[in-house]
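One structure is given here, and the rest of the page talks about it.
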Amino acid sequence: MMEQENRTSFPKVWQPADLSEAWRLKHMLGDAAVYTAGTTYLRTQWEAEGAAPPGHFIDLCSTGLLAGIELKDGELLTIGALTTLASCRSSALLVNHVPVLMEAVRAIAAPSVRNLATIGGNVASTFGDALPALLVYEAQLVWYDGKLLQVEPLADWLAGLRHAAANHAAKDNRILKEIRIPIASDSDVDSGMRLEMYKKIGRREAFTPSLVSVAMTGRIHQDGLLSGFRIALGGGGAIAQRLKEVESLLQHANYTQPLLGTIYDMIVENAELQGDLFASALYKKQTAANLILSALWRAAGQAGMH
Amino acid sequence: MTDNHAMKQGAPQVTSSMISSETSYTLDCDVNGEPVSMKVQPSRRLLFILRDDLQLTGTKRSCEIGRCGACMVLMDGKPVNACLTMAYQCAGKKITSIEGLSGRGVHPIQQAFLDEGGFQCGYCTPGMVISTKALLDDNPRPCKAEVEEALSGNLCRCTGYGGILRAVYKAIETADG
Ligand SMILES: Cc1cc2nc3c(=O)[nH]c(=O)nc-3n(C[C@H](O)[C@H](O)[C@H](O)COP(=O)(O)OP(=O)(O)OC[C@H]3O[C@@H](n4cnc5c(N)ncnc54)[C@H](O)[C@@H]3O)c2cc1C
Ligand code: FES
Ligand code: FES
C-alpha cells in the first residue's frame, strides 16, 4: 500500500538571493509566509499542534546569511544565525568560552535534529532552550530590518516579547543575522572559582522537551564571597528571564546556609513560569530553585566551605 | 517573478527565487550512490520520496515528527530524520538509506546487531544502524556517553536497549579489528 503524504495543498518555497529579497517577500506575503531555516521547530507546530503549514516558505538558507562561529579580537564571539546546533555542539570556541551554551545545545533534541536545526531558529522560535544560556552571557542579537542592521540586547528583545504577548501584538518581520556574545578577558575577571551550570529538566532523562531550564554563571571565593552571578530561567513555554533580584542579593554576599533558604523563597516568588498539562507553575519554580541551590551548595563544597 | 499571490499585493519587485509551483520543481540529488532527478513538490518529505517514490522501504515511518528515529538516513554522511527533511533541503546532497549501507551484503554494523540480538520486532533497527554508522564514521572509538548521545534520537519499544548497546560495542570492536 502506498503511504502518501496526507496533504491536499503544498506550500510554495521561495529561495531569495539575499536578506533584502527575503525581507521583501515576507513584507509582500505577510502571514501567508514564514521564514524557514532548519524547519524543525516549525514542524513541531504543524504536526504536533495540528496547525497547517502556511502557503509560502521563505528559505533563509539560500540568502548567503552566514553560518559559522568566530572569535573576533579575542573579545566578541559571533555565531551566524544559520549555524546548525550540530556545528555548535562540535565547536571548540563554544566549549572554551561559553560552556553553559554548549551544555544547553547538548540538551537540545538529538544529533539528527541538530544537524538540521539552527541556533537562529532556536532563538527566533522564542522558546528555545539555548535562550537562558545566551541570557547569562548577555548576548546581543543582530537583526536585519529591511534596510539596516540593528543590534539589540537579547534581554531587551525578550522583554519586548513579554510585552507583545501581554498586548497580543503581531510579530515583526526582522531577520536574525547573528548572535554576538561579549567574552570577558582574563584581566576583567576577578579571582575565585568559576561556577557555570546549565540544567534542563524534562519528563525523561534525554531527548525531551523542557519543563524548566536553568543557566547560571558566577564566582565563589575562598572566603565564601560570591560575585558576578547571572542566573536565567526558561523552558516549558516560558519566555526566558534573568533573575535579577536573586543576582543582586548574591552580589558580594557571603555564602551561608540561611542565604540558600532566602534565595529559594525569592525564586519561588519571582520566577515567571506557567503551569501546563504536565507540571504546575509551583512545581517548575521549586524545581528551578532546587537546581540553583544544589549547584551553589556543590560549588561551595568544592571551594572548601562545607 | 512568477508567483500570482505575490504580484497581487503590488509589492516591490522581487527578482528571483520561487522554486516551486505545483509541478515545476526538480530535485537533483544522489541516493545510495545513484544520481536521482525527479519532479516533486519541494516540501515533500524525504521519508515519502524514499518509501513511495523510490520504493526504498527500509527507511521506516513511525512518529513522523522527528521523535523516534525510525526514519533515520544519512545526508552527506550526517544522520537526519527523513520525516523532518523536505525535498528542497536535499538538493545536491548525498542521501544514504539503509539499503545503501553495504550494497547487497550485510554491513558489519548490521552483523553486530544480528550477533548481539540488538532487535526484536526490528522496526527501529534500520534507524539504529544508520545512527551507529554516523557515529562510528565520525568517532571510531566513542565512549559510553558519546554512544548514548548519538543514539538518543532513536527509540526502541522492544529490546530495553541492552542488546542494542551490546551491538554498538560489538561494532566498535569489530572495526578495531
Ligand atoms: C524532535 C524534536 C525535538 C526538539 N527538541 C528541542 C529541545 O529539546 N529544545 C529546543 O529548544 N528545541 C527543540 N526542538 C525545536 C527545534 O529543533 C529547535 O528550536 C531548533 O533550534 C529550531 O531551529 P530551526 O532552524 O529548525 O528553526 P525553524 O523551525 O526553521 O524556525 C523556527 C522559528 O524561527 C523563525 N526563524 C528561523 N530562523 C530565523 C532567522 N534567522 N530570522 C528570523 N526568524 C527566523 C521561523 O520563522 C520560525 O518561526 C525540537 C524539535 C524537534 C523536531
Ligand atoms: S518517523 Fe521520523 S523520527 Fe519518527
Ligand atoms: S526492536 Fe522493536 S522497536 Fe526496536
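Chain letters run A, B, ... following the sequence lines, proteins first, then strands; residues in each count from 1.
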- Less than 4.5 Å apart, any side-chain heavy atom of B:R45 and any of A:R43? yes
- Query: Do B:E99 and B:N32 have a side chain donor and acceptor closer than 3.5 Å?
  - Reply: no
- Verify the neighbour count for atom CG of B:D76: are there more than 12 heavy atoms of other residues, nucleotides or ligands below 6.0 Å? yes
- Hits for side chain to side chain donor-acceptor pair (under 3.5 Å) against B:S62, two or more places apart or cross-chain, chain-then-number order -> none
- Item | Salt-bridge present (B:K170, B:E173; N to O < 4.0 Å) | no
- Greater than 12 external heavy atoms within 6.0 Å of B:R141's CZ: no
- Item | Residue pair A:L65 / A:Y144, side-chain heavy-atom distance below 4.5 Å | no
- Item | Geometric class of the A:W46/A:F57 ring pair [parallel <30°, tilted 30-60°, perpendicular >60°] | parallel
- Message: Assess the residue pair B:H107 and B:V129 against the criterion (side chain to side chain contact (heavy atoms under 4.5 Å, CB included)); give the C-alpha distance rounded to whole Å, side-chain angles, the decisive distance to 0.1 Å, and a yes or no.
- Response: CA-CA 9 Å; B:H107 189 277; B:V129 170; 5.7 Å; no
- Item | Residues of residues 113-130 of chain A within contact distance of chain B, non-hydrogen under 4.5 Å | A:V113, A:R114, A:N115, A:L116
- Message: Can you list the residues of residues 153-162 of chain B that sit under 4.5 Å from chain A, counting heavy atoms only?
- Response: B:G153, B:L155
- Query: Is B:S152 close to A:P111 at the side-chain level, that is, under 4.5 Å between some pair of heavy atoms?
  - Reply: yes
- If you tally heavy-atom pairs under 4.5 Å against chain A, which of B:M75, B:E149, B:E148 wins? B:E149
- Query: Taking atom NZ of B:K60 as the centre, does the number of heavy atoms from other residues, nucleotides or ligands within less than 6.0 Å exceed 12?
  - Reply: yes
- Does the side chain of A:L134 reach to within under 4.5 Å of the side chain of A:Y137, using non-hydrogen atoms? no
- Just checking, any donor-acceptor pair under 3.5 angstrom between side chains of A:T36 and A:T39? no
- Do any of residues 79-91 of chain B have a heavy atom less than 4.5 Å from a heavy atom of chain A, and if so, which, in residue order? B:P79, B:V80, B:N81, B:C83, B:L84, B:T85, B:M86, B:Y88, B:Q89
